[in-house]
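Here the structure comes first, spelled out in structure tokens, and everything after it is commentary.
Small disclaimer: the values here were computed from a predicted structure and weren't measured.
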Amino acid sequence: MQHIPYLFVTLALLASVTACQTESDSPVQTPVPVQSSIYIERNDAALDGAVTPDLSRAKVIAATSAQQHEMLTYINQARSKSCQCGTTTYPAVPALVLNTQLNTASDAHAVDMANNNYFSHTGLDSSQPWDRMTRAGYSWRAAGENIAAGYTTVRATVGGWLKSPGHCKNIMSASFTEVGVGYGYNANSTYKHYWVTDFGKRR
């Protein structure tokens, strides 16, 4: 009987999904999945340097090409029509394309979080998303990052982001033209599954 209120809340959340959102599978997670978003426009004060983390100890699985293209498909489905992100409705915007350098930056951070069992936009070397993009060779004008942990599938991850105003805004932003997708899995970490999308527009 204790699970009935939780069931009603879950059904209410599913019923509130707007037209732009993917149908999200919702397996029981322990702990509950978490997510965070961040965004910056380039200026002269933006930091370009950062120390590359040592991932030689990594015992994780990184993103596959299939996962990257699946993530791109769901993101572009959302961008193909207007979408309500929180209280703001965003118009349809052009599709994003995968960028190899952004894939590299996204994957490195997802693997690092899984390998070192943490969840943050700030790397253990104090790097921010735009530092990692620059490190991968991407010269950006606008940069943003969505991260998530605990979701077991691409579909659930994008569905979770679209229900969160900040993440949804990054997905629907006309400021971005390219995206990279990263994934890290480590059975010994807290959340096991770690997802990163780095959004960018070149200078």
Fill in: Exam field: side chain Ser82 to backbone Tyr90, donor-acceptor pair closer than 3.5 Å
no
Worksheet entry | Residue pair Val196 / Met113, side-chain heavy-atom distance below 4.5 Å | yes
Worksheet, complete the sentence: Distance col, row Asp198:CG vs Thr104:OG1, nearest 0.5 angstrom, shows 10.5 Å
Worksheet entry | Cys85 to Pro165 - nearest heavy-atom pair and separation | CB-O, 4.0 Å
Worksheet entry | Residue pair Ala110 / Gly184: nearest heavy atoms and the distance that separates them | CB-N, 3.5 Å
Worksheet item: Side chain of Glu145, backbone of Ile147: donor and acceptor closer than 3.5 Å?
Response: no
Fill in: Residue pair Glu178 / Val97, side-chain heavy-atom distance below 4.5 Å
yes
Item to complete: Output the distance between atom CZ (Phe199) and atom NZ (Lys169), rounded to the nearest 0.5 Å.
Response: 13.0 Å
Discussion item. Between Ser189 and Asn186 (side chain of the first, backbone of the second, donor and acceptor by atom type, cut-off under 3.5 Å), is there such a pair?
Written reply: yes
Practice prompt. Rounded to the nearest 0.5 Å, what's the gap from CZ on Arg132 to CG on Asp107? Could you check?
Written response: 12.5 Å
Fill in: Where Asp125 and Ser127 come nearest, the two heavy atoms and their spacing
OD1-OG, 2.8 Å
Fill in: Spacing of CG belonging to Asn170 relative to CH2 belonging to Trp161, to within rounding of 0.5 Å
9.5 Å
Fill in: Pair Asp131-Met133, side chain to side chain contact (heavy atoms under 4.5 Å, CB included): steps then yes or no
CA-CA 5 Å; Asp131 300 321; Met133 293 178 192; over 6 Å; no
Practice prompt. Report the C-alpha distance between Val154 and Tyr183 in whole Å, list the side-chain angles of each, state the deciding distance to 0.1 Å, and finish with yes or no for side chain to side chain contact (heavy atoms under 4.5 Å, CB included).
Written response: CA-CA 10 Å; Val154 172; Tyr183 171 73; over 6 Å; no
Worksheet item: Tyr118 and Asp112: side-chain donor and acceptor closer than 3.5 Å?
Response: yes
Worksheet item: Would you say Tyr191 and Asn117 make side-chain contact, with heavy atoms under 4.5 Å?
Response: no
Worksheet item: Nearest heavy-atom pair of Gln67 and Ala63: which atoms, and what distance?
Response: OE1-CA, 3.3 Å
Worksheet item: Between Cys168 and Cys83, is the SG-SG gap under 2.5 Å?
Response: no
Worksheet item: Going through the checks in order, is the side chain to side chain contact (heavy atoms under 4.5 Å, CB included) test met by Lys201 and Trp140?
Response: CA-CA 6 Å; Lys201 182 175 184 178; Trp140 52 272; over 6 Å; no
Discussion item. Within the 3.5 Å criterion, strictly below it, is a donor on Arg202 or Ser139 matched to an acceptor on the partner's side chain?
Written reply: no
Item to complete: Only counting residues at least two apart or in another chain, list the ones meeting side chain to side chain contact (heavy atoms under 4.5 Å, CB included) with Leu98.
Response: Gln68, His69, Leu72, Asn103, Val179, Val181
Worksheet item: Yes or no on ring pair (Phe, Tyr, Trp, His ring centres under 6.0 Å) for His193 and Tyr151, after CA distance, side-chain angles and deciding distance?
Response: CA-CA 6 Å; His193 306 267; Tyr151 294 97; 9.8 Å; no
Fill in: Arg155/Glu70 ion pair, N-O < 4.0 Å
no
Worksheet entry | Check: Lys81 side chain, Gln77 main-chain N or O, donor-acceptor pair, under 3.5 Å | yes
Discussion item. Quick check: do Pro129 and His109 have side-chain heavy atoms less than 4.5 Å from each other?
Written reply: no
Worksheet item: For Ser173, what residues pass the side chain to side chain contact (heavy atoms under 4.5 Å, CB included) criterion, not counting sequence neighbours?
Response: Ser175, Phe176
Worksheet item: Is a donor on one side and an acceptor on the other found under 3.5 Å between the side chain of Tyr138 and the backbone of Asn99?
Response: no
Worksheet entry | From CA spacing to verdict: side chain to side chain contact (heavy atoms under 4.5 Å, CB included), Asn76, Leu96 | CA-CA 7 Å; Asn76 282 337; Leu96 300 177; 3.8 Å; yes
Worksheet item: Do the side-chain N and O atoms of Thr122 and Gln128 include a donor-acceptor pair separated by under 3.5 angstrom?
Response: yes
Worksheet item: Sequence neighbours excluded, which residues qualify as ring pair (Phe, Tyr, Trp, His ring centres under 6.0 Å) partners of Tyr194?
Response: none
